[in-house]
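Take a look at this one; I'll ask things after.
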Amino acid sequence: MKKSDSIIPPAPKGLSATARQWWKKIHQEYELLEPDRLLLLEAGLQSYDRWQAARAVLDREGVTVLDRFSQAKMHPLFFVERDSRLSMLRSFRQLGLDLAPLDEAR
C-alpha cells in the first residue's frame with residue numbers, strides 16, 4: 001500500500017545504519033503503521049542485518065571449514081546467511097514491498 005502521509009515511526013533500536021535507512025525509505029514509500037506490519041518490517045530488517053553480519057564473516061573466512069577429521073564442511077554461518085536472506089525476503093514479500101526502491105537506499 002502506498003504511503004499517504006508523512007508519519008514515520010522511529011526505527012527500532014539495534015538496527016544497523018543501513019537497516020535504519022531502509023526503515024525510513026520504506027516508510028516514505030508505503031503505509032505500514034499497523035502494529036503487525038511494523039513488527040514484520042522490523043523482523044525483515046533484523047534478518048537483513050543478520051544476513052550481512054554472516055556474509056562479512058564468510059567473506060573473510062570462506063564458505064567451508066575443516067571439521068575435527070580435517071574434512072571440509074560448510075561453514076555454520078553459511079546456513080545463517082541463507083536463512084536470514086530468505087527470512088528478509090519473505091517478510092518483505094508479505095508486506096507487499098517492491099525491493100527496487102531499496103537498492104537506491106544503499
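The structure presented is a predicted model; accordingly, all values stated were derived computationally and were not measured.
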Nearest non-hydrogen partners of Glu34 and Glu31, listed with the distance: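 Shortest heavy-atom separation between Glu34 and Glu31 comes out as OE1-O, 4.4 Å.
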Nearest heavy atoms of Asp49 and Ser16, plus distance in Å: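 In terms of heavy atoms, the two residues are closest at OD1-OG, 2.5 Å.
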Is any side-chain heavy atom of His27 closer than 4.5 Å to a side-chain heavy atom of Leu38? yes
Is there a side-chain contact between Tyr30 and Leu95 in this structure, where contact means two heavy atoms from C-beta onward sitting under 4.5 Å apart?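 No - every pair of side-chain heavy atoms lies 4.5 Å or more apart.
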For residues Ser91 and Ala43, report the shortest heavy-atom separation together with the two atoms involved.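 Here Ser91 and Ala43 meet closest at OG-C, 4.4 Å.
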Spatial distance of atom CG (Leu15) from atom CZ (Arg20) [nearest 0.5 Å]: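 Result: 7.5 Å between the selected atoms.
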CD1/Ile8 to CD1/Ile26 distance, rounded to the nearest 0.5 angstrom?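 Answer rounded to 0.5 Å: 11.0 Å.
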Return each pair, listed once, that meets ring-ring contact (aromatic ring centres under 6.0 Å, His included) where at least one residue sits in residues 50-72; pairs must be two or more places apart or across chains.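 Every pair satisfying ring-ring contact (aromatic ring centres under 6.0 Å, His included) with a residue in residues 50-72: Tyr48-Trp51.
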Side-chain heavy atoms under 4.5 angstrom apart, residues restricted to Ile, Leu, Val, Met, Phe, Trp, Tyr: same cluster for Val80 and Met88?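 No, separate clusters.
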Taking the side chain as C-beta and beyond, is there a heavy-atom pair between Pro10 and Trp23 under 4.5 Å?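 Not in contact.
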side-chain contact (heavy atoms from CB on, under 4.5 Å) with Glu61: which residues, sequence neighbours excluded? Val57, His75
With the side chain counted from C-beta on, respond yes when Pro9 and Leu33 share a heavy-atom pair under 4.5 Å apart, and no when they do not. yes
Which residues pass the side-chain contact (heavy atoms from CB on, under 4.5 Å) test with Leu39, sequence neighbours left out? Glu42
Mind checking whether Trp22 and Leu41 have side chains closer than 4.5 Å, heavy atoms only? no
For the residue pair Leu66 and Gln71, establish whether any side-chain heavy-atom pair is separated by less than 4.5 Å.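 When only atoms from C-beta onward are counted, Gln71 and Leu66 do not touch, as no gap falls below 4.5 Å.
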Here the gap from Leu77 atom CG to Glu81 atom CD, rounded to the nearest 0.5 Å, amounts to 9.0 Å
Can you name the closest pair of heavy atoms from Leu58 and Val63 and give their distance?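 What the structure gives for the nearest pair is CD2-CA, 4.1 Å.
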